[in-house]
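See structure below.
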Amino acid sequence: MFRTRFAPSPTGYMHIGNLRTALYAFLLARKHHGTFILRIEDTDQTRNVPEAVDAIYKSLALAGITYDEGPDKDGGRGPYVQSQRLPIYKKYAEQLIASGDAYYCFCKKEAQPDNEESPGIAEQKRDPCRYLTVEQVAARFAEGITPVIRQRIPNQGSTTFVDHVYGEITVENTQLDDQVLLKSDGFPTYNFANVVDDHLMEITHVIRGQEYLSSTPKYNLLYQAFGWQIPEYVHLPLILREDGAKLSKRAGDPSFEDLVQMGFLPEAIVNYVALLGWNPGDEREIFTMEELIEAFDIERINKSSAAFSLEKLTWLNGEHIRRLDPQKFHELALKYYPEGVRHLNLEKISRLIQIRIERFTEIPTMVKFLYELPDYDAALFENPKSKSTLQSSREILQEVIPLLESMQEWTNESLFTALKVFAEAHGYKIGTVMWPIRTALSGQFASPGGATELADLLGKDETLRRLKIGLAKLQL
RNA sequence: GCCCCCAUGGUCUAGUGGUUAGGACACAGCCCUUUCAAGGCUAUAACUCGAGUUCGAGUCUCGAUGGGGGCACCA
């Protein structure tokens with residue numbers, strides 16, 4: 001039975017790294033028909049952000065990551081919010097005191113020895129409170145000092161564990177510090193809560209960022225002190241920026257929500273993030289969530305960190321957009337259409353742009369010419385590729401305007417047929433005829449849709465108006 | 001400072017002792033085409049370095065270098 005969990009702290013938004021951690025834990029559980037659990041790690045009272053839990057629910061839902069147990073989905077092993085589990089941590093911390101695997105520490109925060117500058121010799125850096133006698137402890141309590149509870153790390157030996165990604169890792173116990181388990185405010189630290197909760201919630205596979213790799217031996221010592229079974233570990237490589245720096249919200253790196261805001265499809269972001277540090281073993285790159293569940297395998301997770309490339313995400317997003325059902329695409333595109341274009345046939349516009357955009361936010365710019373003809377230069381009518389010159393363009397527009405004015409049926413097909421016949425009759429290449437029309441209709445070097453598609457979209461009156469403007473530019 | 005981890009093109013990666021080192025993004029060119037996009041084809045581009053082991057090393061060992069992570073009453 002697989003039980004995995006995603007345990008974010010409520011910061012208000014979903015980091016890309018967190019999203020991937022959640023995704024992998026979710027995929028592993030789903031792949032094995034196990035249980036995926038959401039747990040809120042709000043043990044830092046100074047960093048709680050209101051509404052942040054709602055943001056987590058929203059982001060997970062948006063990403064398509066559903067959980068079976070969580071704060072709002074009781075699975076019998078709750079509560080699933082750590083701030084609601086305080087008595088549990090207290091009980092287990094005291095159990096450790098009783099067994100000698102933890103001790104009360106009465107030091108002020110500032111009085112702690114500075115590990116970063118002292119050599120790694122246990123006896124020198126161990127907290128003095130570690131050696132307090134029962135009487136001394138009682139005396140300090142009598143003084144009214146509220147202690148913290150620290151883990152008592154053995155001064156000898158080493159701790160070894162096997163990680164599914166990184167393999168076997170051994171650390172000398174002297175390198176481990178007597179970390180705080182229970183803070184003076186009665187809250188546990190992550191270092192303690194994760195062990196207690198993962199055990200109580202019967203987590204079989206702990207999936208988390210690589211930053212916890214070096215703390216894991218301490219957790220194992222805790223599991224051993226309790227006599228609990230140590231879970232399987234899957235530590236994930238970091239996600240960096242392309243310049244090699246750490247991905248950070250503060251440095252302006254987008255969160256999952258930001259990316260959605262930037263016009264990316266949640267499923268494309270999920271797909272992209274899945275590939276950051278994992279690959280299916282074949283050459284597929286485009287995945288739906290179902291396909292990810294089927295293909296996912298923790299043994300194929302990479303060890304080295306990966307850089308987040310907005311460029312590649314953009315490409316992948318384009319792929320997902322093109323695969324969208326046209327009706328679905330239209331619904332999603334709707335809110336990006338500017339006012340000026342709303343009198344036109346939006347379904348038709350959607351069909352034209354679906355294959356041309358990579359992000360939804362490109363839409364306003366792409367359709368702007370439809371309601372506001374750009375002030376373009378006559379030189380645009382020249383194009384060697386279609387054998388268009390100012391002269392050919394002028395001649396064609398002159399002849400094509402009356403032809404189009406006489407059209408009874410105004411559709412893409414009828415227009416195309418008429419112009420094709422025209423081109424053949426006059427010995428023009430089709431492109432030579434289409435270029436000046438398309439140019440006059442769009443006022444741009446490139447446009448979503450060819451000459452007749454634009455004409456169809458704009459309607460007869462607007463088409464003729466624009467063709468005449470184009471002709472006027474050529475007659476100056 | 002100490003400990004741990006990592007190392008294939010600019011980026012994401014395949015590779016598990018014998019390969020012309022494969023794919024994708026980006027870039028350039030060509031084809032297709034009613035412009036652009038999409039699609040198709042082609043090109044440029046990589047095993048960090050040094051010792052070993054071996055008939056043979058991107059793949060194994062050691063070292064160096066580089067990068068990252070940890071050493072909080074943060075997670």
Side-chain angles (χ1 to χ4, degrees), chain A residues 7-9 11 41-44 46-47 105 107-109 112 114-121 125 147-150 163 165-167 169-172 174-177 179-185 187-191 193-194 208-217 235 237-238 240 242 244 246 272 275-279 281-286 302-309 311-316 318-319 322 352-358 366 383 385-386 412 415-416 419-420 423 429-435 437-439 441-442 444-454:
Chain A
S9 51
T11 56
E41 308 228 329
D42 58 344
T43 57
D44 186 352
T46 64
R47 297 217 302 208
C105 171
C107 298
K108 291 262 178 265
K109 288 182 199 178
Q112 289 307 305
D114 193 343
N115 292 331
E116 291 172 44
E117 285 172 17
S118 62
I121 299 167
K125 69 170 187 178
V148 300
I149 292 180
R150 284 184 185 277
D163 181 88
V165 174
Y166 290 95
I169 291 172
T170 300
V171 176
E172 295 297 320
T174 51
Q175 294 300 329
L176 274 21
D177 62 325
Q179 62 182 350
V180 170
L181 267 20
L182 210 61
K183 303 185 242 183
S184 54
D185 63 3
F187 279 69
T189 58
Y190 166 86
N191 299 318
N194 93 81
R208 52 155 77 121
Q210 191 220 52
E211 62 268 29
Y212 296 104
L213 202 54
S214 41
S215 308
T216 299
H235 284 93
L238 260 32
L240 305 174
E242 283 201 270
K246 212 175 156 181
Y272 178 67
L275 260 15
L276 242 29
W278 170 84
N279 74 82
D282 52 39
E283 283 172 351
R284 285 180 294 169
E285 292 203 277
I286 299 158
N302 279 306
K303 292 181 167 99
S304 50
S305 47
F308 182 91
S309 164
E311 218 168 50
K312 184 139 186 182
L313 169 61
T314 302
W315 164 76
L316 194 56
E319 293 293 319
R322 276 170 236 130
L352 290 177
I353 64 173
Q354 179 170 7
I355 55 165
R356 284 174 239 257
I357 61 165
E358 292 186 303
M366 187 169 277
N383 183 14
K385 227 185 133 180
S386 63
N412 181 35
L415 290 164
F416 186 78
L419 289 169
K420 195 174 175 204
K429 276 182 58 174
I430 187 83
T432 315
V433 171
M434 295 301 189
W435 180 260
I437 299 172
R438 205 215 103 255
T439 301
L441 294 185
S442 66
Q444 299 173 163
F445 181 77
S447 57
T452 61
E453 286 167 317
L454 296 184

Open item on the list: Could you tell me how far U13(B) sits from G52(B) if I compare only their C1' atoms? Round to whole Å.
Closed with: 30 Å

TODO: Calculate the interatomic distance between Asn191(A) atom CG and C73(B) atom P; express it in whole Å.
DONE: 9 Å

TODO: Mind checking side chain to side chain contact (heavy atoms under 4.5 Å, CB included) for Ala306(A) and listing every partner two or more places apart, or none if nothing turns up?
DONE: Leu276(A)

TODO: Sticking with atom C1', work out how far G70(B) lies from A51(B), rounded to a whole angstrom.
DONE: 31 Å

TODO: Write down the distance separating the P atoms in G18(B) and A75(B), rounded off to the nearest Å.
DONE: 48 Å

TODO: Write down the distance between CD (Glu242(A)) and P (G67(B)), rounded to a whole number of angstrom.
DONE: 19 Å

TODO: Give the rounded distance in Å between these two atoms: CG of Asn194(A) and P of C74(B).
DONE: 15 Å

Open item on the list: Taking C30(B) as the reference, what is the distance to A43(B) when you measure between their C1' atoms (whole Å, please)?
Closed with: 10 Å

Sub-3.5 Å pairs of nitrogen or oxygen atoms, protein against nucleotides 30-37 of chain B:
| residue | atom | partner | partner atom | Å |
| --- | --- | --- | --- | --- |
| U34(B) | O2 | Ala451(A) | N | 2.4 |
| U34(B) | N3 | Thr452(A) | OG1 | 2.7 |
| U34(B) | O4 | Asn412(A) | OD1 | 3.3 |
| U34(B) | O4 | Thr452(A) | OG1 | 2.4 |
| U35(B) | O2' | Phe445(A) | O | 2.8 |
| U35(B) | O2 | Arg438(A) | NE | 3.2 |
| U35(B) | O2 | Ser447(A) | N | 2.6 |
| U35(B) | O2 | Ser447(A) | O | 3.0 |
| U35(B) | O2 | Ser447(A) | OG | 3.4 |
| U35(B) | N3 | Ser447(A) | O | 2.6 |
| U35(B) | N3 | Gly449(A) | O | 3.0 |
| U35(B) | O4 | Arg356(A) | NH1 | 3.1 |
| U35(B) | O4 | Gly449(A) | N | 3.0 |
| U35(B) | O4 | Gly449(A) | O | 3.0 |
| U35(B) | O4 | Gly450(A) | N | 2.9 |
| C36(B) | OP1 | Lys385(A) | NZ | 3.3 |
| C36(B) | O2 | Arg356(A) | NH1 | 2.9 |
| C36(B) | O2 | Ser447(A) | O | 3.4 |
| C36(B) | N3 | Arg356(A) | NH1 | 2.2 |
| C36(B) | N4 | Arg356(A) | NH1 | 3.4 |
| A37(B) | O2' | Ile355(A) | O | 3.2 |

Open item on the list: Without decimals, in angstroms, what is the distance between Asp44(A) CG and A72(B) P?
Closed with: 15 Å

- [ ] Could you tell me which residues satisfy side chain to side chain contact (heavy atoms under 4.5 Å, CB included) with Arg322(A), sequence neighbours excluded, listed by chain and number?
- [x] Glu319(A), Ile355(A), Glu358(A)

- [ ] Could you tell me whether Leu276(A) contacts a base, only the sugar-phosphate backbone, or nothing, with contacts defined as non-hydrogen atoms closer than 4.0 Å?
- [x] sugar-phosphate

Open item on the list: Rounding to an integer number of Å, can you tell me how far Leu181(A) CG sits from A75(B) P?
Closed with: 12 Å

Open item on the list: Measure CZ/Arg208(A) against P/C5(B) and give the value in whole Å, please.
Closed with: 16 Å

Task: side chain to side chain contact (heavy atoms under 4.5 Å, CB included) against Glu172(A), all qualifying residues, sequence neighbours excluded - done: Ser158(A), Thr174(A), Gln175(A)

Task: Thr189(A) side chain near Thr43(A) side chain, heavy-atom distance below 4.5 Å - done: no

Open item on the list: Nearest heavy atom decides the nucleotide; on that basis, is Tyr166(A) or Ala307(A) closer to the 5' end of RNA chain B?
Closed with: Tyr166(A)

Task: N/O donor-acceptor pair under 3.5 Å between Arg208(A) side chain and Leu213(A) backbone - done: no

Under 3.5 Å between N/O atoms: give me all the protein pairs with nucleotides 68-70 of chain B, atom names plus distance.
| residue | atom | partner | partner atom | Å |
| --- | --- | --- | --- | --- |
| G70(B) | O4' | Ser214(A) | OG | 3.2 |
| G70(B) | O2' | Ser214(A) | OG | 3.3 |

Open item on the list: Using the salt bridge (charged side-chain N to carboxylate O under 4.0 Å, His left out) criterion, which residues pair with Lys183(A)? Sequence neighbours excluded.
Closed with: none

Task: For Asp163(A), side chain to side chain donor-acceptor pair (under 3.5 Å) partners two or more places apart - done: His235(A)

Open item on the list: Can you check the distance between C2(B) and G9(B), where both ends of the measurement are the P atom (answer in whole Å)?
Closed with: 30 Å

Task: Basic-acidic side-chain contact under 4.0 Å: Lys312(A), Glu285(A) - done: yes

- [ ] Please state whether the phosphate of A72(B), meaning OP1 or OP2, lies under 4.0 angstrom from any side-chain nitrogen or oxygen of Lys183(A).
- [x] no

Task: P atoms of C55(B) and G50(B), separation to the nearest Å - done: 22 Å

TODO: Check salt bridge (charged side-chain N to carboxylate O under 4.0 Å, His left out) between Glu283(A) and all other residues, then give those that pass, not counting sequence neighbours.
DONE: none

Task: P gap between G66(B) and C73(B), integer Å - done: 32 Å

Task: Residue matched to A51(B) through Watson-Crick or wobble contacts both under 3.5 angstrom - done: U61(B)

Open item on the list: With a 4.0 Å cutoff (strictly under), does any side-chain N or O of Asn279(A) reach OP1 or OP2 of A14(B)?
Closed with: yes

- [ ] Grab the CG-P distance between Leu182(A) and C74(B) for me, whole Å please.
- [x] 11 Å

TODO: For residues Lys420(A) and Val433(A), determine if any side-chain heavy atom of one lies less than 4.5 Å from a side-chain heavy atom of the other.
DONE: no

Open item on the list: The test is ring-ring contact (aromatic ring centres under 6.0 Å, His included); show your working for Phe445(A) and Trp435(A) and say whether it passes.
Closed with: CA-CA 10 Å; Phe445(A) 181 77; Trp435(A) 180 260; 5.7 Å; yes

Task: For Glu453(A), all residues meeting salt bridge (charged side-chain N to carboxylate O under 4.0 Å, His left out), sequence neighbours excluded - done: none

Open item on the list: Return the pairing partner of A24(B) with a 3.5 Å limit on both distances, Watson-Crick or G-U wobble; otherwise return none.
Closed with: U11(B)

TODO: If C30(B) has a Watson-Crick or G-U wobble mate with both distances under 3.5 Å, name it; if not, just say none.
DONE: G40(B)

Open item on the list: What's Val148(A) touching, base or sugar-phosphate or nothing? Going by heavy atoms closer than 4.0 Å.
Closed with: base

Open item on the list: Using atom C1' in both nucleotides, what's the gap between C4(B) and U11(B) to the nearest angstrom?
Closed with: 27 Å

Open item on the list: Going by the rule salt bridge (charged side-chain N to carboxylate O under 4.0 Å, His left out), which residues pair with Asp44(A) if we only count those two or more places apart in sequence or in a different chain?
Closed with: Arg47(A)

Task: Any strand: nucleotide that pairs with C71(B) via Watson-Crick or wobble, under 3.5 Å - done: G1(B)

TODO: Scan every strand shown for a Watson-Crick or G-U wobble partner of G66(B), both distances under 3.5 Å, and answer none if you come up empty.
DONE: C6(B)

Open item on the list: Counting primed atoms plus P, OP1 and OP2 as sugar-phosphate and everything else as base, spell out the protein contacts along nucleotides 20-26 of chain B at 4.0 Å heavy-atom distance: B, S or - for each nucleotide, 5' to 3'.
Closed with: --SSBSS

TODO: Return the value, rounded to whole Å, for the distance between atom NZ of Lys303(A) and atom C1' of A14(B).
DONE: 15 Å

Task: Which residues share a ring pair (Phe, Tyr, Trp, His ring centres under 6.0 Å) with Tyr190(A), sequence neighbours left out - done: Tyr212(A)

TODO: Give one of base, sugar-phosphate or nothing for Thr170(A), where a contact means two heavy atoms less than 4.0 Å apart.
DONE: sugar-phosphate

